[in-house]
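Nothing fancy with the numbering, it's 1 onward along the sequence. As the structure lists them, so they are numbered: ligands from 1, and atoms in each ligand from 1.
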Amino acid sequence: MSPGKRRIKIAIAGVGNCASSLLQGIEHYARSSGGDGAGLLHLSMGGWRPEDVEVVAAFDVDRRKVGLPLHEAVFAAPNCTTAIGSTLHQSPVLVQMGPVHDGVAPHMADYPEEQAFRVAEEPPVDVAKVLASSGAEILVSYLPVGSQKAVSAYAEACLASGVSLVNCVPVFIVSDPHWGDRFRAAGIACAGDDIKSQLGATILHRMLARLFVDRGVRIDRTYQLNTGGNTDFLNMLSRERLQSKKISKTEAVTSQLPYDAGAGNVHIGPSDYVPWQKDNKVCFLRIEGHGFGGVPIELEARLSVQDSPNSAGIVIDVIRYVALARERGIAGPLLPISAYTMKHPPVQMPDPEAARQIEEFLAQQG
Ligand SMILES: NC(=O)c1ccc[n+]([C@@H]2O[C@H](COP(=O)([O-])OP(=O)(O)OC[C@H]3O[C@@H](n4cnc5c(N)ncnc54)[C@H](O)[C@@H]3O)[C@@H](O)[C@H]2O)c1
C-alpha cells in the first residue's frame, strides 16, 4: 500500500474460516505488494489492490474469539483453515460480541470444543453504533448457514449506519426485492447472496452444464455431492438450516439450463461432515445426458479445494467493486458483481456476460 493512500474500511460479521483466509490473503498480498497477481482475478480494481482493504471492526459470538484482537481471533478454535502466511500484523481491532439470534445451531453442543461453536456470555454490542463509529464502509457477512434472523439484524444495522452489505451467506437479503428496495432507498450499495468461490463446485458445475447445453447435449440428470470438515459443514448437518442453501446452490446450476430438467433430476447440496477433512472440501459431480441420436453421455468429476481461501479470492474483488460503486454514488443491489460472484444474486446471468459487464464498469471513469 502506498503511504497516505485511502483504504477501504470494512467490518466483518463472523470471524470464522472465510474471514481468516481473507485477512491472511490481504497480508500475503501486502507483503509482496501484490506480487504478480497470481491467485487473483484482479490485481488492481478501480486503483485498489488487495492490501488496500483494512478491517476496522469485527463481530463474533464465540467465547474463544470475542474480546481477542482480530489477528489472534482468526486463528482461534474452531477455525481450521490452511495458514497462508506465518503471522498477521498486530491489529488494534478487538472482536466484539454480536447479537446471537439463530447464529448457533443447538447441535453444536453435541460436538467437541475444537470442532464446534461455544457462545460467549457477554451482552451484544449495538452493531449499528459500532459500524458508525468505526468508519466502516462495508460489512462482510460471514455468518453460518441458516442464520436468517442474525443476518437480518446485521442488514438492519447496515441500513441504520449507511454501511454497504456484502452478504456471503445463503440468507436472501440482496436478492430479496423488499430488502433490495430498502438499500436502494437508503442510497446504499450492496452485493449478495451466498458467495460463489473462485474455482469451487458451483462454478465448475455451472460451466459443465453450460458446455452440455452449448454443445446440444440434453441434460437428463445431475448431482453434486460435497463433503468437508469445517464448522460450515458441521452446521449444515442440521437439515432445517439448509433450505436456502439448497435453493441457492441448485438455482446457481439450473439457471444455466434453457429448459426444466425436473426437480427430481437435480440433486445438489452439502452431503456430509467428515471432521478430518477440516477445511478441505471435496465435490463429487455427475452429469448424465443424451447427445446425437439420443445416445447417452456421462461425465464424472471430483474437485478438491481448500474451502475458505477459495471464497476469499472472490470476496476481495466484491469489496473493491462495492467501494467503487459507493464512490460513484450507485445505490441498491449491484447486479453484475452479484451475478458473477454470488450463487443467489438478484438477477442470474451467464458468467461470461456478468464478467463483461464488470469489466465495462471498471473501465468507466468514475
Ligand atoms: N468457500 C466457502 O467457504 C463458502 C462459500 C460460499 C458460502 N460460504 C458461506 O460463508 C459463511 C461463512 O463461512 P465460514 O466457513 O467462515 O463459516 P465458519 O463456521 O468458519 O464461521 C462462522 C462464524 O460466525 C460466527 N457466528 C455465529 N453466529 C454469529 C452471530 N450471530 N454474530 C456474529 N458471528 C456469529 C461463528 O462463531 C463463526 O466464527 C457460511 O454461511 C458459508 O456457508 C462459504
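- Using a 4.0 Å cut-off between charged side-chain N and carboxylate O, Lys246 and Glu251 make no salt bridge.
- Near Val100, with a cut-off below 4.0 Å to any heavy atom, the atoms of ligand 1 are 31 (N).
- Below 4.0 Å from some heavy atom of Pro144 lie the following atoms of ligand 1, by number and element: 24 (O), 26 (N), 27 (C), 28 (N), 41 (O).
- Between Cys18 and ligand 1, at least one N/O pair is under 3.5 Å apart.
- Counting protein heavy atoms only, atom 19 (O) of ligand 1 is closest to Thr231 OG1, 2.7 Å.
- For ligand 1, the atoms closer than 4.0 angstrom to any heavy atom of Val15 are 39 (O).
- Across the listed options Asp60, Ile314, Val66, Asp60 owns the non-hydrogen atom lying nearest to atom 34 (N) of ligand 1.
- Taking each heavy atom of Ala261 and Val266 in turn, the nearest pair found is CB-CG2, 4.1 Å.
- Residue, atom and distance of the protein heavy atom nearest to atom 24 (O) of ligand 1 are Gly14 CA, 3.4 Å.
- One finds a salt bridge joining Arg286 and Glu298 here, because a Lys/Arg side-chain nitrogen approaches an Asp/Glu carboxylate oxygen to under 4.0 Å.
- Of the protein's non-hydrogen atoms, Asn17 N, 2.9 Å is the one closest to atom 20 (O) of ligand 1.
- At under 3.5 Å, a nitrogen or oxygen of Lys65, whether backbone or side chain, sits near a nitrogen or oxygen of ligand 1.
- Nearest to atom 33 (C) of ligand 1 among the protein's heavy atoms is Tyr154 OH, 3.1 Å.
- In terms of polar-atom proximity, Asn79 is not counted as a contact of ligand 1, lacking any N or O under 3.5 Å from an N or O of the ligand.
- In this structure, Glu359 does not pair ionically with Arg356, as no charged nitrogen and carboxylate oxygen lie closer than 4.0 Å.
- When non-hydrogen atoms are compared, ligand 1 lies under 4.0 Å from neither the backbone nor the side chain of Lys196.
- A cation-pi arrangement is present between Arg328 and Phe361, with the terminal nitrogen or guanidinium carbon under 6.0 Å from the aromatic centre and inside a 45° cone about the axis.
- The shortest N or O to N or O distance between His101 and ligand 1 is not under 3.5 Å.
- Nearest to atom 31 (N) of ligand 1 among the protein's heavy atoms is Pro99 O, 2.7 Å.
- Other residues, nucleotides and ligands contribute at most 12 non-hydrogen atoms within 6.0 Å of the CD atom of Gln90.
- When the heavy-atom distances from atom 40 (C) of ligand 1 to Val104, Val61, Leu143 are ranked, the shortest goes to Leu143.
- Classification of Glu156 and Lys149 as a salt-bridged pair fails, no side-chain N sitting under 4.0 Å from a carboxylate O.
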